[in-house]
Structures are given as structure tokens and as C-alpha cells.
Amino acid sequence: MKLSAAAILALSTALGSAAAAETWDMPVAYPASNYHTENAQTFADAVAECTGGELEIVIHAGGSLFKGDEIKRAVQLGEAQIGERLLSAHANENPVFAYDSIPFLATSFEASEKLRAAAQPVLAKVLGAQNLTLLYSVPWPPQGLYFSKPVATPADMEGVKFRAYNSITARVAELAGMVPTQIEAADLKQALATGLVSSMISSGSTGVDESVWEDMTNFYDVKAWLPRNTVFVNTDAFEGLSEAAQTCVTDEAAKAQARGAEKAAELSGGFVATLAENGMDVNPPAEPIMAKLGEIGETMTAEWLETAGDDGKAIVDAYKAE
């Protein structure tokens, strides 16, 4: 059977497009039902549509491909092309990564957005030096304190076993007289059930995701900070895309950032209400606790500025200038 010149050209174009199609793996640490993961899936679907199938991003939820603490390195090395990570968990590597977790610096969604914008040039520079391209970040709801008992004074916190998810939360625990243990999100439920930890600082979202009312009794809405999940791509993989596909990725990333922040704010109050509906005692912290946390915040801000140096100062100065 002979093909016309037009048919041959169409077939050639189709085969060329198929050959050019690329699949990226995107490991994330949180369950498929978490709003961060749902947002990432919407981003991936939009990229596939925008690129006309040139790029497919496959989401691997719940630490199924790489655990949380493995994701950043996997993307750096090209073992995965794109990933989402709570960058503050890598503050020991570079203190700039903890910009979003300085206690009581930015305690509202509006303030978190201003801080993100102030930090973006510095963060992009630091990631760029590691062969990573910054795409977008989305906040968690404000952080609150969870305990397996009522806590009214600083003395009540002393010696309590505390789940830390980065060096910042570990330092909060130390300054409060608690005993920190690093626990990744995928291992949190087991750690609570076995009594490995009996307190933590985290968002209402995490509390609902993990049904913490099965193991904990009290939530204090201290609004300490709004940590952010950051999505980044291996720079070599990104630069290997066509210019049009790169534009699709960055455009959809900007939409994901705005959409995720809006969703976080929308869900925030509902998460706290769900904790109460399931039997947790939900209250503002007692004044002695807030006073202690204020002292901790001042200490940790000074410590972070000292370790982060000029980059840290640039972020805080730009934030305060907003």
C-alpha cells in the first residue's frame, strides 16, 4: 500500500512526537489525599495538557518512591526528575532552607506569602548551585502544639518526648526542655501509636491526615509559623525540555503556587475543627506557655540570622521592607 506524501509527513510527525515524549517521576512525602499532593496532581495534569503530551509527570505519593528525607538528593542526582520537599528539613545542610520556619516571624497566610517572595531570589540561588530549579511552594496551615496530656506551664513540657521533622522543630523542643526525635511524615502514625513520641508541633492538616486523636488529647493553636512544601526540578532535566514545554511547566507552577495557598487557607479552620470534633481538647495556649514560646522565638531568630549570614539578612530585610 502506497502512502501519500501528506500521510507520510503526518506519520513522521506523530512518530517524532512520540519519540520526544518524556516521563518524569515526582516523589512526594504525603498521602494522595493530602491537599499538597492533590495540588501536585493538578499541576502534573495541567503540564501534560499544556505540553500536548510532550511531558508526563507521574506522582508517587506517601514516600512510595523515595522517603521524605531522600527526595531532594534523588532529584539532585537525577534519580527522579522533580520532587516536593519540606526544605526546612535540610537546614543542617544550609540554614537558608529554614527561612519559612523561624518561630513567630510570619504567622499568617499573608505574611507567609510576603516571606516567600522575599526569600525567592536567595532560595533560587542556593538551589541552583545544587542543580535544582525552584518551581513553586505552598504553605501548610499555622503550626500548633500537640500533646498527649494537658500542658499549662513550661514545667509541664519538660522531659516530654517530642516529634521533630527538622532542626528547627528539634531546637524548639530543646529550648522548651523536651526530648526531640526526628520522625518523617510516613512514620509518624507508628511513632505515636508506640509511644516513641507524645508531642509535636505541626499543622492541623497533619493532625487530621494521621488521625492523631487516636493517640493524643490536646491541641494548642499557637500559630508558630507556616512551613512550606517546595517543588523543584532537576535543572538538567528542565533544560532538556523544549522552550515551549519549559514555559508550560513554569506557568503551571505559578498557578499551583497560588492555588495551593488558597486551598491551605480555606482548609485551615476546618482542620482544627475536625480535631475538636474527634474529641481533642482544642484551645489557645496558656499565657505562661506563650511567654515561653516568645522567648524561644527571639532566641531562634537571632540564631538563624547568625548562621544564615548575609543570605539570611537579605531575606529578613526584604521581608520587613514589604
Side-chain angles (χ1 to χ4, degrees), residues 22-30 34-61 71-72 75-76 80-88 96-97 99-101 106 108-141 205 226-268 314-315 318-319 321-322:
E22 188 168 349
T23 299
W24 283 1
D25 289 312
M26 183 174 178
V28 302
Y30 300 92
N34 183 274
Y35 74 94
H36 284 281
T37 308
E38 291 176 344
N39 188 41
Q41 185 63 64
T42 301
F43 163 74
D45 293 343
V47 166
E49 182 176 354
C50 180
T51 62
E54 178 182 338
L55 176 60
E56 179 186 6
I57 299 174
V58 179
I59 307 295
H60 300 272
I71 290 173
K72 178 173 172 289
V75 178
Q76 281 181 256
Q81 294 78 22
I82 183 173
E84 178 191 67
R85 179 61 170 148
L86 190 77
L87 279 181
S88 57
V96 163
F97 292 143
Y99 81 92
D100 58 348
S101 298
S108 68
F109 286 102
E110 181 182 9
S112 175
E113 173 57 25
K114 289 180 179 178
L115 182 58
R116 180 208 62 76
Q120 182 166 341
V122 174
L123 187 60
K125 177 191 72 173
V126 172
L127 289 173
Q130 300 180 342
N131 198 38
L132 296 171
T133 296
L134 174 63
L135 288 182
Y136 71 87
S137 73
V138 170
W140 290 92
S205 175
L226 286 75
R228 303 183 72 94
N229 278 7
T230 300
V231 172
F232 41 79
V233 59
N234 178 281
T235 299
D236 294 334
F238 182 70
E239 292 180 348
L241 297 175
S242 68
E243 186 174 335
Q246 289 182 26
T247 299
C248 280
V249 170
T250 54
D251 285 352
E252 293 304 330
K255 294 176 187 176
Q257 184 165 271
R259 181 175 60 242
E262 184 176 327
K263 189 66 174 179
E266 174 191 325
L267 293 172
S268 182
I315 291 171
Y319 169 65
E322 285 289 328

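All residue numbers refer to positions in the sequence shown, counting from 1.
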Heavy-atom distance under 4.5 Å between the side chains of [X] and [Y], does that happen here?
X      : Y      : result
Asn39  : Lys263 : no
Tyr30  : Ser205 : no
Asp251 : Cys50  : no
Thr23  : Glu56  : yes
Leu115 : Ile315 : yes

Item to check | Aromatic plane relationship, Trp140 with Tyr35 - under 30° parallel, 30 to 60° tilted, over 60° perpendicular | outcome: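 Tyr35 vs Trp140 ring planes: perpendicular.
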If every non-hydrogen atom of [X] is compared with every non-hydrogen atom of [Y], which pair is closest and at what distance?
X      : Y      : value
Leu241 : Gln246 : O-NE2, 3.2 Å
Leu226 : Pro141 : CG-C, 4.2 Å
Ser242 : Glu54  : OG-OE2, 3.0 Å
Thr37  : Ala61  : CG2-CB, 4.0 Å
Gly83  : Val75  : N-CG2, 3.7 Å
Tyr136 : Ala253 : CB-O, 3.4 Å

Item to check | Criterion side-chain contact (heavy atoms from CB on, under 4.5 Å) on Arg259 and Thr42, from CA distance to verdict | outcome: CA-CA 10 Å; Arg259 181 175 60 242; Thr42 301; 3.6 Å; yes
Checklist entry - Backbone N or O of Leu55 within a donor-acceptor pair of the Glu22 side chain at under 3.5 Å? => result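 Checked: no pair found.
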Checklist entry - Would you find a donor on one side and an acceptor on the other, under 3.5 Å apart, between the side chain of Asn229 and the backbone of Arg85? => result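 Checked: no pair found.
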Please report the interatomic distance [atom1]([X]) to [atom2]([Y]), rounded to the nearest 0.5 Å.
X      : Y      : atom1 : atom2 : result
His60  : Met26  : NE2   : CE    : 10.5 Å
Lys114 : Glu322 : NZ    : CD    : 6.5 Å
Arg228 : Ser101 : CZ    : OG    : 11.0 Å
Thr235 : Leu127 : OG1   : CG    : 8.5 Å
Asp236 : Gln81  : CG    : CD    : 11.0 Å
Thr250 : Lys255 : OG1   : NZ    : 10.5 Å

Item to check | Worked check of side-chain contact (heavy atoms from CB on, under 4.5 Å) between Glu84 and Ile71 | outcome: CA-CA 7 Å; Glu84 178 191 67; Ile71 290 173; 6.0 Å; no
Item to check | side-chain contact (heavy atoms from CB on, under 4.5 Å) evaluation trace for Val233 with Val249 | outcome: CA-CA 10 Å; Val233 59; Val249 170; 5.8 Å; no
Checklist entry - Do Arg116 and Glu113 meet the salt-bridge criterion of a basic N to acidic O distance under 4.0 Å? => result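 Here Glu113 pairs with Arg116 in a salt bridge, since their nearest N and O are under 4.0 Å apart.
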Item to check | Intermediate values then yes/no, ring-ring contact (aromatic ring centres under 6.0 Å, His included), Tyr319 and Tyr99 | outcome: CA-CA 11 Å; Tyr319 169 65; Tyr99 81 92; 9.9 Å; no
Checklist entry - Looking at Leu87, Leu123, Leu135, which one forms a side chain to side chain contact (heavy atoms under 4.5 Å, CB included) with Phe232? => result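 Among the candidates, only Leu87 passes.
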Checklist entry - Do any pairs count as a ring-ring contact (aromatic ring centres under 6.0 Å, His included) and have a residue in residues 239-261, sequence neighbours left out, and if so which ones? => result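 The answer is none; no pair qualifies.
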Next on the checklist: Is there a side-chain contact (heavy atoms from CB on, under 4.5 Å) between Val126 and Phe97? Walk through the geometry before answering.
Outcome noted: CA-CA 9 Å; Val126 172; Phe97 292 143; 3.7 Å; yes
